[in-house]
> 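Structure incoming, see below.
Chain letters run A, B, ... following the sequence lines, proteins first, then strands; residues in each count from 1.
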Amino acid sequence: MMENANPNSIISIRNIWKYFGKNVALQDVSLDIAAGERVVVIGPSGSGKSTLLRSINRLEEIDRGHILVQGKDITDHHNDINVMRRNLGMVFQQFNLFPHKTVLQNVTLAPIKLLKLSRKKAEDRAFALLKRVGISDKANVYPAQLSGGQQQRVAIARALAMQPAIMLFDEPTSALDPEMVGEVLDVMVNLAEDGMTMVCVTHEMGFARTVADRIIFMDQGQILEMGAPDRIFTAPRHPRLRQFLNQIL
Amino acid sequence: MQDKIEGQSKGNIVMVTEENAMPDSRDGQSKNTIIMVTEGPSIPDPREWRIVNAWSIALAGAVITLCCLAWFKPEPYREILTFVPDGLAATFQVTLLSICCAVPLGLLTGLGRISRNRLINLVASTYVEVIRGIPLLVQIFYFYYALSGLLQLSRTAAAVISISFCYGAYMGEVFRAGILAISKGQTEAARSLGFNRFQTMFYVILPQAWRTILPPIGNECIAMLKDTALVSVVSMPDLMQRARSFANNSYLYFETYTVVALIYLIITLLLSKVVSIMESRLNYYDGKR
């Protein structure tokens, strides 16, 4: 159905366009991401990197083009997006934990309601995940009682509870106080080492460098350059990328 | 995005709402929606539980006045006090039945008003516009007299239906504002986990919106109790109707209506306290670190 869709890629983005009113947010973007690959998207604000990420689980509806996730077109309305989203964990800049639910309930809500897990099974899974992100002692408190870094780690656990094949991170550390960035990045590094497919929009260049298999540089709704982190940081080719790196490094 | 202030015709709620009622997915900013209530006794703020405040003065004043009148001037006040409260049963009956109908109707209307389905949205919006433009008194007459050839409603049914329809529309606006006040991020988080729209609304949005919604809904219910006085015009034997018949027979207009006013005041003040306690119970998850 799709021409040149790479059979090895878990996410296949094909010539997508997105407009906000008259402004073009994504112009003819194409990208293939392999299973187990860690991709970090960088670029100035307004470059379309968050829009690209949010298009992958259809939080943004693209205007043209196709996105295949595990071979299924998410833009095809015959495919149940709610089922497909279970495989696409997402972590937001503002955490977006459910404030009326405890940490444990945040993590168990979707598995119980959507995967029909028993409470016991869902809680076992939740405790294992909370332990993994280092906050199992906070299982019964409400999100408002947690620090930003702790909330974001719960948000990661909540997304992982659906056992997604792919994790999408939308600037997960941008809303955090500097001293809390490390604890969240540690969890993400740990996740990357376990072979999770990750697409991460971030400004943390140190993280990008250590974790990414590939770095994508975007500006004005286009991918201007991509490559291995060493190459991107030491030998940037595109003048816009050089300028961007000069500004932030 | 531009905010506008939406004043309502009945004048009991002022809401600052989004210009655009349709949820717009690309703007993740939280919306500054507030709901202010400007009619009826103000809901006491639990943080200001001082002995002397407007609420306690009003309640103590009303109770003391009523007691003094009955004690020092038993003729005619005791007689009034034994005759008139018979109507309380009808007043509460109409109020409770109307609440039971108006709250679900308001929820449906609020959901309809934010629905993406054009038809549902139009039906809900038209209902709100029509009802808000017609005085409750006219609606009561309409259901009881104007439609009598068609429906043959009992007094109670006509009273409950007209009040429910009227308050359903107002509560619909409260529900709508309360739902829109929940940040877009909550919807996105739920949807990204795989919840559909319906599940997102019932597991994530409404449980949170309920906190914003409860105080104005509680106040609407209190206003509803007061407005049941209007159903006395169709000879519903409520508090007001009992007072009218007593006054008409005895010509003691001042005495009778003083007692009725105090009784209504005491009831609404007590109910506003109940709403305030319920509200503070709903704040359990706001814990500070």
> Which one wins on heavy-atom pair count under 4.5 Å against chain B: Leu97(A), Asp80(A), Asn87(A), Val91(A)?
Leu97(A)
> Let me know if Leu168(A) has heavy atoms under 4.5 Å from chain B in its side chain, its backbone, both or neither.
neither
> Over all heavy atoms of both residues, which pair between Phe98(A) and Ala189(B) is shortest? Give the atoms and the distance, please.
CE2-CB, 4.0 Å
> Would you check if Met162(A) and Leu193(B) make a side-chain contact, meaning some heavy-atom pair closer than 4.5 Å?
yes
> Below 4.5 Å, heavy atoms only, C-beta onward: do Gln94(A) and Ser183(B) meet side chain to side chain?
no
> What part of Arg58(A) lies closer than 4.5 angstrom to a heavy atom of chain B: side chain, backbone, both or neither?
neither
> Closest heavy-atom contact between Val204(B) and His100(A)?
O-CE1, 3.6 Å
> Name the region of Leu88(A), side chain, backbone, both or neither, that has any atom closer than 4.5 Å to a heavy atom of chain B.
backbone
> Can you tell me if CD on Gln70(A) sees more than 12 non-hydrogen neighbours from other groups inside 6.0 Å?
yes
> Checking Asn57(A) side chain against Ser192(B) main chain: does a donor-acceptor pair fall under 3.5 Å?
no
> Hey, does the side chain of Glu188(B) reach the backbone of Phe92(A) with a donor-acceptor pair shorter than 3.5 angstrom?
no
> Write down the atom of Leu59(A), the atom of Arg191(B), and the distance for their closest heavy-atom approach.
CD2-CB, 4.4 Å
> Among Lys113(A), Arg85(A), Arg86(A), find the residue that satisfies the side-chain contact (heavy atoms from CB on, under 4.5 Å) test when tested with Phe195(B).
Lys113(A)
> Please assess Gln199(B) against Asn82(A) for the test side chain to side chain contact (heavy atoms under 4.5 Å, CB included), listing each intermediate value before the final yes or no.
CA-CA 11 Å; Gln199(B) 292 164 326; Asn82(A) 296 316; over 6 Å; no
> Highest number of heavy-atom pairs under 4.5 Å with chain B: which of Ser50(A), Ala110(A), Pro99(A)?
Pro99(A)
